[in-house]
J.: 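Quick one: structure below, then a few questions.
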There are 2 protein chains.
Amino acid sequence: MTQRHASATIIDVAREAGVSKSAAARVLARSGSASPQTKRKVLEAAERLGYRPNQLAKAMKSGLTHTLGVVLPDIANPFFSAVLRGFTDAARSAGFEVLVSNTDNDPEIESSSIELLAEKRVDGIAIAPVLQEDPRAIARIADEGIPVVLLDRRLPSLAALPLVSADHADATAQAVRALIDTGHTRIALLTEATQSLEELSAIAAGPDDEHFALLRPSAQRVIGYLRALTDAELSADEHLLLRSAYSVDDAQRTVEAFLDSNVTATALHSTDAALTSGAYRALTSRDIAVPDDLAFIGFDDQDWTTLVRPTVSVIDQPRQRLGATAATTLIGAIRGQAPAAHDHLLKASLLMRDSVSSATQA
Amino acid sequence: MTQRHASATIIDVAREAGVSKSAAARVLARSGSASPQTKRKVLEAAERLGYRPNQLAKAMKSGLTHTLGVVLPDIANPFFSAVLRGFTDAARSAGFEVLVSNTDNDPEIESSSIELLAEKRVDGIAIAPVLQEDPRAIARIADEGIPVVLLDRRLPSLAALPLVSADHADATAQAVRALIDTGHTRIALLTEATQSLEELSAIAAGPDDEHFALLRPSAQRVIGYLRALTDAELSADEHLLLRSAYSVDDAQRTVEAFLDSNVTATALHSTDAALTSGAYRALTSRDIAVPDDLAFIGFDDQDWTTLVRPTVSVIDQPRQRLGATAATTLIGAIRGQAPAAHDHLLKASLLMRDSVSSATQA
DNA sequence: ATGAAAGCGCTAACAC
DNA sequence: GTGTTAGCGCTTTCAT
């Protein structure tokens, strides 16, 4: 059976059916008209030959590949793999395939990936951009009119592009509010943000303007923290802002140092997945009784959070929905629809579990 | 700046440079020869116009898209997302892009995905096939000469296709041997396999023949268990084979029922990721002291296994390497190289942690 | 060294 | 209703 490659073309089908190329094309693409006879002959010939339309040729004619590109830092990361899942599902149900790229947060790889996707003529691209100064590859394709949507984060020079992300400030605010509601007033926040408390406080006091919109997710989350405190008439304390790099180990060290210090807090919220793992390790290594000595709310619904005891309360981002929204936004743009909104900020939700006691405490 | 779509073509470049289409083509593809002058003029024109080669057109001519397809049950599953990561990395460094599809273990979706990938003329396809009777879509593309490699599992009717997977039998044997070495003789095995102990024992007693090769991963793992027992002159006990569906909840129920029964065991090994989570939950819910009351070895190096106390020993499959091997095998086949081996069975490794006591026990 | 022209598989006017 | 033809962007003989 092993026949050599080269599947039948529309010409082969036409010959086999004894009709012209265009007659065959019309039947196969169900466009134009054809007599029942022709239709039958063509369909049978196609069946017999195992005809399979060549989408490359179609794309050359139509200018549409029905393929979307998605550029992510690391698809092995649970957050992005869930986003990708949502993205591919939404794409598929709209008749699009998905070309994926990893960047490992390397600007070089990012731009070459984007360039390649553009050469393959994808109809649109979703990008969780590397946080860098000069994302010229992104700017270029956007300039050329290829639909682009930003995922999870925005870059200052790319303010014009639509964004799909979680509402980072609200996410953290939810966690902090929940802690305040259960009686906590000394709430530590583990963050990747590097801005000073003054700087962040100034932005938190203002509206959600451009200044705010251009902050990284980590900084926006701190803003949510500060606003929740302010709403409850609590004041922020520099010593409760624990700074860590995006790394489990660094987060663990940071939290351990905090626990070993004489700064007191009754609750801790960590603002991303890696920080949450690191913080949890620190709590374990220092034998902290959770929630009695310290209440804890993590970030992202990682599977271990319900495997450990006590189970860990978390802020859960709608990961698959983020991906799906990015895909549908892109597809809308491809179809020439005016976007319903420039940005899509999806709300995260708080999953309350045992690492926060429900009882109000002193 | 927002100019309308349609990037410059080679004709535009030729005109801008004042040379013929073919001259421009030769320079841009660095094939054939061209005078230094022509070269310079063309390159400058291309630069000025922001020329970007159209890979669709190239593919139409060459018959090669430099795109690989990969069809997986669920890319949000950590095992497959790691495999995908390895796959895309290897593909990219060989100059290939990757088109992904999820099947959700639905045969319909699988075949339509494969069909679509074939229509897009991918150069090769890696598939972790849905376990079903009649994978005709796979058989068809393989018959047509499109390079195909199977990932993680093989289907009876697809014995001719190359396979890249972990050495499942060896993986479980490693775990069981380690338990035996620390003094255990009553070792329970949590498995998805549904075959009877007799049937499996018969296969375990034989060589790694076709019969063995066509078993599902879960059954191959049981074979490894049986062989490790035999090697240590221990006999298998039906009661120690705990059967569960592929689901955390079912695994938890199964293990709880076992713990509540009067069957005794001093060690437990769970043979895939979901079963491991479920088993761990059961151990927690029944307050089993690990490793003192029961030693435990899980499957797949999930991140929670080092977050819980005691940390959980696991069998770790080389996930990214599986993906990378699939990609390189495929690319080799595309380039017409005879495969180094029909199958690639990669060894898993045992990560010894605290859920097994190092001391030999009675 | 360079240009003209054919063709990859398909679609869409346009005639008949 | 059906066939002829041009052309999407590129590569590649083949002359010149």
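Letters A, B, ... are given to chains in the order of the sequence lines, protein chains preceding strands, and every chain is numbered from 1.
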J.: Closest approach to the side chain of B:I10, judged atom by atom: which nucleotide of D:dT2, D:dT11, C:dT11 is it?
T.: D:dT11

J.: For residues A:P129 and A:E110, report the shortest heavy-atom separation together with the two atoms involved.
T.: CA-OE1, 3.3 Å

J.: What is the distance from NZ of A:K58 to P of C:dG9, rounded to the nearest Å?
T.: 14 Å

J.: Could you check how far CE of B:M60 sits from P of C:dC10, rounded to whole Å?
T.: 8 Å

J.: Do A:S113 and B:R92 have side-chain N/O donor and acceptor atoms under 3.5 Å apart?
T.: yes

J.: Take the protein atom NZ of A:K21 and the nucleotide atom C1' of D:dA6, then report the distance between them rounded to whole Å.
T.: 9 Å

J.: Whole-Å distance between C:dA12 P and A:R30 CZ?
T.: 14 Å

J.: For B:Y51 and D:dG9, what is the distance between atoms OH and C1' respectively, to the nearest whole Å?
T.: 8 Å

J.: Please determine whether any donor N or O and acceptor N or O are separated by less than 3.5 Å between the side chain of B:R26 and the base of C:dG3.
T.: yes

J.: Could you check whether B:A25 gets within reach of a base, just the sugar-phosphate, or nothing at all, counting any heavy atom under 4.0 Å?
T.: base

J.: Using whole Å, report how far NZ of A:K41 lies from C1' of D:dG1.
T.: 12 Å

J.: State, without any angle test, whether A:R121 and B:S7 hold a side-chain donor-acceptor pair at a distance under 3.5 Å.
T.: yes

J.: Which one, D:dG3, C:dT11, D:dC10, comes nearest to the side chain of B:T9?
T.: D:dC10

J.: Using whole Å, report how far NZ of A:K61 lies from C1' of C:dC10.
T.: 7 Å

J.: Side chain of B:S111, backbone of B:A137: donor and acceptor closer than 3.5 Å?
T.: no

J.: In terms of side-chain heavy atoms, does A:T67 have a donor or acceptor partner in A:K120 at a distance below 3.5 Å?
T.: no

J.: Select base, sugar-phosphate, or nothing to describe what A:S31 touches, counting heavy atoms under 4.0 Å on all strands.
T.: nothing

J.: When the nearest nucleotide of DNA chain C is assigned to B:R121 and to B:P36 on a heavy-atom basis, which residue is associated with the more 5' position?
T.: B:P36

J.: Among D:dT2, C:dT2, D:dG3, find the nucleotide with the atom closest to the side chain of A:T38.
T.: D:dT2

J.: Taking OP1 and OP2 of C:dA5, is either one under 4.0 Å from a side-chain nitrogen or oxygen of B:S22?
T.: no

J.: Separation of B:K120 atom NZ from C:dC8 atom P, in whole Å?
T.: 23 Å

